[in-house]
Amino acid sequence: MVKLAENAGFGFDEIESNWFEYNKTAPVYKLEFDSVITSFYFAANDNNEAPEQAAGEAAGEATGEVAIEIQKIVLALNGEMKRSEIQSLLNLKHDDYFRTQYIIPALEKDYITMKFPDSPNHPQQRYILTEKGILLKKKLI
């Protein structure tokens, strides 16, 4: 029984990771009052056009919303933290997926910053919320 409980969330992580590896897009999450709706979209259709969802809402930015991955990392960050600490808090097992879907977008959108921005692989590298990240965190709490 304990083994089942320990592995309860692992299947979803596998689905998410495999989808990303196959299609290079992240699932889109829509938070409802009592549920989460997860949608999987292809990167482009046969006409080489992005699907309606991917064109804006999938990135979480078109309607002024912030992508769920960025929200999660902002909520998890407390002071200066190592990548592995944040990843562990979010219960994410796949390093590449975490980096490409959480860390990089949060850095690019200026919600987090690196303690040593000129040396990304610095042995003492830590991630910190920016002012923008702090404001978002206050909104989300």
Side-chain angles (χ1 to χ4, degrees), residues 1-46 48-141:
M1 186 66 144
V2 173
K3 188 72 168 169
L4 288 174
E6 288 176 356
N7 293 326
F10 186 72
F12 190 76
D13 288 343
E14 278 294 307
I15 292 169
E16 203 172 77
S17 177
N18 288 334
W19 179 259
F20 178 75
E21 287 178 27
Y22 171 73
N23 195 47
K24 304 296 183 221
T25 62
V28 177
Y29 301 96
K30 183 176 181 185
L31 302 175
E32 296 290 332
F33 176 71
D34 60 352
S35 62
V36 177
I37 299 169
T38 306
S39 302
F40 296 88
Y41 293 93
F42 287 99
N45 61 22
D46 293 337
N48 241 0
E49 298 170 357
E52 178 181 308
Q53 188 75 11
E57 198 175 331
E61 301 292 331
T63 60
E65 296 176 9
V66 177
I68 191 74
E69 293 85 359
I70 293 175
Q71 291 179 29
K72 287 179 181 181
I73 201 168
V74 164
L75 287 170
L77 248 171
N78 190 14
E80 295 179 1
M81 294 177 72
K82 293 193 261 182
R83 181 206 46 79
S84 60
E85 294 171 325
I86 304 165
Q87 187 173 342
S88 178
L89 275 176
L90 295 174
N91 198 26
L92 295 169
K93 313 262 188 273
H94 304 283
D95 293 343
D96 288 340
Y97 178 78
F98 178 68
R99 185 178 50 78
T100 60
Q101 296 300 302
Y102 287 78
I103 293 286
I104 292 172
L107 286 166
E108 288 175 347
K109 300 288 184 186
D110 195 35
Y111 287 99
I112 66 173
T113 189
M114 290 184 269
K115 185 174 182 176
F116 303 100
D118 296 329
S119 183
N121 296 320
H122 192 284
Q124 297 299 315
Q125 188 63 268
R126 300 290 187 273
Y127 294 91
I128 309 159
L129 288 175
T130 62
E131 286 187 40
K132 186 176 177 181
I134 292 167
L135 290 173
L136 176 62
K137 189 169 188 171
K138 287 178 182 177
K139 266 182 163 177
L140 295 171
I141 303 180

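With values rounded to the nearest 0.5 angstrom, Ile104 atom CD1 is found 12.5 Å from Glu69 atom CD. The CE atom of Met114 lies 10.5 Å from the CD1 atom of Ile128; values are rounded to the nearest 0.5 Å. To the nearest 0.5 Å, the span separating OG on Ser84 from CG on Leu92 amounts to 12.5 Å. Here Asp95 contributes atom CG and Thr100 contributes atom OG1; the two are 10.5 Å apart, rounded to the nearest 0.5 Å.
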### Task
Using the side chain to side chain contact (heavy atoms under 4.5 Å, CB included) rule, take Lys72 and Ile68 through it: C-alpha gap first, then chi angles, then the decisive distance, then the call.
CA-CA 6 Å; Lys72 287 179 181 181; Ile68 191 74; 3.9 Å; yes
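A pairwise comparison of heavy atoms in Leu90 and Ala76 identifies CD2-CB, 3.9 Å as the closest pair. Ile73 approaches Ile112 most closely through the heavy-atom pair CD1-CD1, 4.1 Å.
Each of Gln101, Arg99, Lys93 was checked for a side chain to side chain contact (heavy atoms under 4.5 Å, CB included) with Tyr97, and the lone residue meeting it is Gln101.
Looking at Thr130, its side chain does come within 3.5 Å of a backbone N or O of Asp110 through a donor-acceptor pair.
Listed by first and then second residue, the side-chain hydrogen bond (donor to acceptor under 3.5 Å, both in side chains) pairs involving residues 74-83 are Glu80-Lys115, Arg83-Gln87 (not counting sequence neighbours).
By the ring pair (Phe, Tyr, Trp, His ring centres under 6.0 Å) test, Phe98 is found to be paired with Tyr102, residues two or more places apart in sequence or in another chain being considered. Applying the side-chain contact (heavy atoms from CB on, under 4.5 Å) criterion to Gln124, with sequence neighbours excluded, gives Phe116, His122, Arg126.
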Under 3.5 Å, which donor-acceptor pairs do the side chains of residues 131-140 form with other protein atoms, sequence neighbours left out?
unit_1, atom_1, unit_2, atom_2, d
Lys132, NZ, Lys109, O, 2.8
Lys137, NZ, Leu77, O, 2.5

